[in-house]
Each structure stands twice: as C-alpha cells, then as structure tokens.
Amino acid sequence: MTDAYVAIEGGHVLTGRARAPGTARGELVFTTAYTGYEESLTDPSYAEQVLTFSYPLIGNYGVRDERFESDRVQPTAVLARELTDDVAEWLEAEGVPAIDHLDTRDVVTDVREEGAMECGIAAGPDATSEDALAELDRCKGMSEHTDIGATVSVDEPARYEGGGAYEVALIDCGAKGSIRSSLLERGADVTVLPYDATPEDVRAVDPDLLFVSNGPGDPENFEAAQALVEEFAGELPLAGICLGQQIVAAALGGTTEKMAFGHRGVNQPVQDLDSGRVVMTTQNHGYTVTDPGELDVTQINVNDDTPEGLASDALDVITRQYHPEANPGPHDSLDFFDDVLAMADAQQIAPTAD
Ligand SMILES: NC(=O)CC[C@H](N)C(=O)O
C-alpha cells in the first residue's frame with residue numbers, strides 16, 4: 001500500500017507505508033544504531049531532523065519510558081524499513097509521522113553521496129506527493145533555526161540532588177537525561193539551567209563545574225552559552241558533550257563547520273592520542289570543530305580524523321564530541337564523568353582566590 005511520501009531536496013519523491021499519519025519537514029539524517037531506538041527517538045539533538053534508521057527492523061523489544069532521554073519524541077518524522085506496531089503506535093500517540101516499507105539503503109546512499117538534505121513528509125490515508133513537496137518547500141536548513149535552543153531547553157532552573165559531593169551547573173541546550181543521571185550517580189548535585197542562562201544565573205548556583213550539554217542545530221546559534229564559557233573559562237572547570245564541545249571550542253577562539261552528513265550510530269571508533277587506546281562510541285552530530293582555538297585535540301575519530309576530545313590543562317577544560325553517557329550504545333567512555341568531576345574536586349580544594 002502506498003499512503004506515504006518522502007520528498008527529498010531536488011524534488012525526488014519516495015513512496016512507502018504510513019505507520020503514523022501527518023506531515024512534517026526537516027533535515028534528512030540517518031543513524032546506523034541497531035539498538036536503542038527509544039533513546040535515539042527521545043534525544044533532543046534530533047530536533048528539526050527526520051531520522052532514518054538504517055537497521056532494517058526497529059521496535060523488536062517494545063517501548064518503555066524508563067529508557068527515554070527526554071519527555072517526548074524529538075525528530076519531526078521517522079523513516080525505517082520496518083517498524084513494529086509498538087513503535088508505530090507510540091509515534092502516532094506522540095503525533096510524529098512515521099513511514100516504513102522504504103528502501104532505507106537508497107535513502108542512506110543518497111545522504112552519503114549528496115550530504116545532509118532537506119525533506120518533506122506526508123503520511124496517512126489522504127496524503128499526496130504534493131503534500132510532501134509542499135513540506136519540502138517550507139523546510140529550512142539547520143543553521144537557519146536560530147533559536148532552536150528555546151524548543152528543547154528547560155524554561156526555569158531545576159535542581160537535582162545526587163549526594164552533595166559536587167555542585168554542577170548544567171547548561172541545557174537540549175540535554176539528554178543520561179548526562180544528568182551520570183553526574184547524579186557520581187554524587188553530584190546538578191542544577192539544570194536554561195540554554196540562555198546569564199552569568200548571574202550561574203553565579204547563583206555557585207558551582208564547582210560548568211557543564212554544557214548536547215543539543216540540536218548549529219553551535220553558532222548558541223550565543224548565550226558561548227558567552228558563559230568566555231565568562232567562566234579559567235575561573236571554573238568546564239566540560240561539554242557534543243554541541244557542548246562545539247560551543248566551548250567556538251567560545252575559546254575555535255571554529256566549527258557543518259559536515260557532509262555527520263556521524264550517527266553506536267560504533268564510531270575514537271582514539272585517545274595520549275594512551276593510543278581506541279574505544280567504540282555513540283555519536284549523533286552534523287557539525288564538527290575545525291579549529292580547537294585555545295584547546296588541544298586529545299582524541300580523534302579513527303574514520304576521518306575529526307576532533308572527538310578537546311582539553312586545556314591551563315583552563316581546566318575537558319570536552320567530548322561523542323556521547324560518553326551512551327544510551328544508546330557502548331559504556332566504554334563513562335570514565336569521562338569521573339574525569340570532569342575530578343576537576344570539580346580540585347576546584348573545591350583550591351578555590352580561586354578573591
Ligand atoms: N548531539 C549533539 O549535541 C549534536 C550537536 C550538533 N547539533 C550537531 O549536529 O553537530
């Protein structure tokens with residue numbers, strides 16, 4: 001049955017089966033992750049993107065909300081070869097259009113060859129290819145979503161207690177829940193602050209560590225978070241994950257750029273340049289740091305040499321381009337959280353002199 005359409009930049013229209021009805025538009029991206037669909041679908045970094053699963057069967061172990069990374073489905077639409085009823089019903093209940101019975105090998109090949117593309121989606125009994133083309137027409141590029149942080153961040157500060165060993169200010173640019181829980185599990189209290197928090201908001205928390213989260217869109221559009229990094233660099237230890245790494249680098253004299261089609265999956269090999277050790281990592285990003293500014297590159301992607309870890313001993317900064325919190329994916333880099341909290345420990349022992 002053909003009751004679903006995907007219009008891709010250039011005007012090419014694919015047909016498939018509607019699994020959750022509706023129209024949508026966004027940047028067409030793919031993940032090669034073979035498990036972790038609940039975590040991926042609730043990762044706020046996917047806001048304004050249409051997520052294609054390259055693994056052919058998605059949903060074979062159901063849907064459980066304890067695995068969610070945020071309180072809603074984040075991509076604007078979902079494409080797959082085959083979605084189970086559990087996942088299709090969840091997406092329909094969330095109002096997120098979903099299409100399967102697509103040849104996702106073709107979609108992935110197109111994105112790999114052409115780079116990230118805009119697309120329009122129409123699914124359901126009354127859907128037409130014209131509807132999908134009209135959505136494509138209205139689609140904006142990722143960098144044009146200039147206030148994307150507002151759509152994924154908390155509105156007000158929210159405090160979580162993990163034992164009081166450290167005080168962390170987590171700037172929520174679209175944070176995955178696992179970043180907060182990884183800090184809480186290690187004894188930290190965490191105050192989640194909005195993406196546009198001011199230096200005064202951070203000072204009100206009196207943190208031992210400033211942590212910039214992952215999130216959707218172009219790091220250049222997160223000016224307030226960059227201003228925080230500029231303000232506190234050298235005064236507080238700084239950590240960042242994914243968008244957080246990009247924001248920290250951009251604030252400290254570096255540059256970022258959009259990649260052809262990015263890294264999304266759970267088996268991206270990363271080498272630590274000091275130890276030589278390679279670990280498999282979870283990734284979901286379309287931008288990369290091109291110049292680390294005042295930071296040193298400490299880890300690189302084995303496939304394409306892009307920077308995966310940045311640091312400065314002088315400024316007490318450690319960042320990762322990948323997702324050490326996993327969920328989904330390998331747990332091989334959870335020690336990142338021990339390393340950043342060790343910086344907070346040192347801060348408590350030797351606070352900056354007034
Ligand atoms: N997971 C993330 O934080 C993504 C970062 C950024 N939005 C990118 O696509 O590169």
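Every number for a ligand or one of its atoms is a count from 1 in the order of the listing.
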For the 3.5 Å polar cut-off, considering only N or O atoms, please tell me whether [X] and ligand 1 meet it.
| X | result |
| --- | --- |
| Ile241 | no |
| His285 | no |
| Asn214 | no |
| Tyr287 | yes |

I need the atoms of ligand 1 closer than 4.0 Å to a non-hydrogen atom of [X], numbered in the order shown.
| X | answer |
| --- | --- |
| Pro216 | 7 (N) |
| Asn284 | 1 (N), 2 (C), 4 (C) |
| His323 | 1 (N) |
| Gly286 | 8 (C), 9 (O), 10 (O) |

Is the closest side-chain donor-acceptor distance between [X] and [Y] under 3.5 Å?
| X | Y | answer |
| --- | --- | --- |
| Glu308 | Gln283 | yes |
| Gln347 | Tyr166 | no |
| Ser40 | Asp43 | no |
| Tyr34 | Ser54 | no |

Given Cys242, Ala175, Ser213, Gly217, which one has a non-hydrogen atom that is nearest to atom 6 (C) of ligand 1?
->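 When every heavy atom of Cys242, Ala175, Ser213, Gly217 is considered, Gly217 comes closest to atom 6 (C) of ligand 1.
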
Atom 5 (C) of ligand 1: which of Pro44, Ser45, Gly215 has the nearest heavy atom?
-> Gly215

Within the 6.0 Å centroid threshold, strictly below: Tyr61 and Tyr37 |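 When the ring centroids of Tyr61 and Tyr37 are compared, they turn out to be within the sub-6.0 Å range.
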
Row check, Phe30 ring normal vs Arg264 NZ/CZ: under 6.0 Å, within 45° =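 Not satisfied by the 6.0 Å and 45° rule.
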
Using 4.0 Å as the upper bound for N to carboxylate O, is an ion pair formed by Asp272 and Arg277?
->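 No.
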
Which residues pass the side chain to side chain donor-acceptor pair (under 3.5 Å) test with Thr319, sequence neighbours left out?
->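 For Thr319, the residues satisfying side chain to side chain donor-acceptor pair (under 3.5 Å) (neighbours in sequence not counted) are Gln245.
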
4.0 Å heavy-atom contact, Met142 with ligand 1 = no

